[in-house]
Amino acid sequence: MQIEIRGAEKLSFRERQAVVLKEMGRGNEEIARQLKVSPSTVATLLNRARSKGYQVVIILPGDTLNLFGEEEEDES
């Protein structure tokens, strides 16, 4: 799985860090510990990032979700 942040060039380095960790499913407390900032700073970073507008795209290789099974050949 890959995460692509479209519009990342608009975000500061710290905002990018916070966004990536948040998109990986981490909570604000955990992000704060990892970045060595307060949880309120994490909230501020995420709010600033949202206001700048970005999109997160998740790229899954192949048929990771097993949605497209092999089609059975029609025997006629």
Just list the side-chain donor-acceptor pairs under 3.5 Å for residues 27-34, sequence neighbours left out, or say none.
from	atom 1	to	atom 2	distance (Å)
Asn28	OD1	Lys22	NZ	2.9
Glu30	OE2	Arg26	NE	3.2
Gln34	OE1	Arg26	NH1	3.2

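Ile59 shares a hydrophobic cluster with Val57; the chain of contacts runs through ILVMFWY side chains whose heavy atoms sit under 4.5 Å apart.
The list of salt bridge (charged side-chain N to carboxylate O under 4.0 Å, His left out) pairs with a residue in residues 34-50, not counting sequence neighbours, is empty.
In this structure Thr41 satisfies the side chain to side chain donor-acceptor pair (under 3.5 Å) test together with Ser38, sequence neighbours excluded. Remark: Glu4 engages Arg6 in a side chain to side chain donor-acceptor pair (under 3.5 Å) (not counting sequence neighbours). In this structure Lys10 satisfies the side chain to side chain donor-acceptor pair (under 3.5 Å) test with no other residue, sequence neighbours excluded. Among residues two or more places apart in sequence or in another chain, the side-chain contact (heavy atoms from CB on, under 4.5 Å) test is passed with Gln17 by Phe13, Arg14, Leu35.
Both Val42 and Val20 are assigned to one and the same hydrophobic cluster, defined by single-linkage of ILVMFWY side chains at heavy-atom distances under 4.5 Å.
Atom CD of Glu15 sits about 10.0 Å away from atom OG1 of Thr44, to the nearest 0.5 Å.
Here the shortest heavy-atom pairing between Val19 and Val56 reads CG1-CG2, 4.4 Å.
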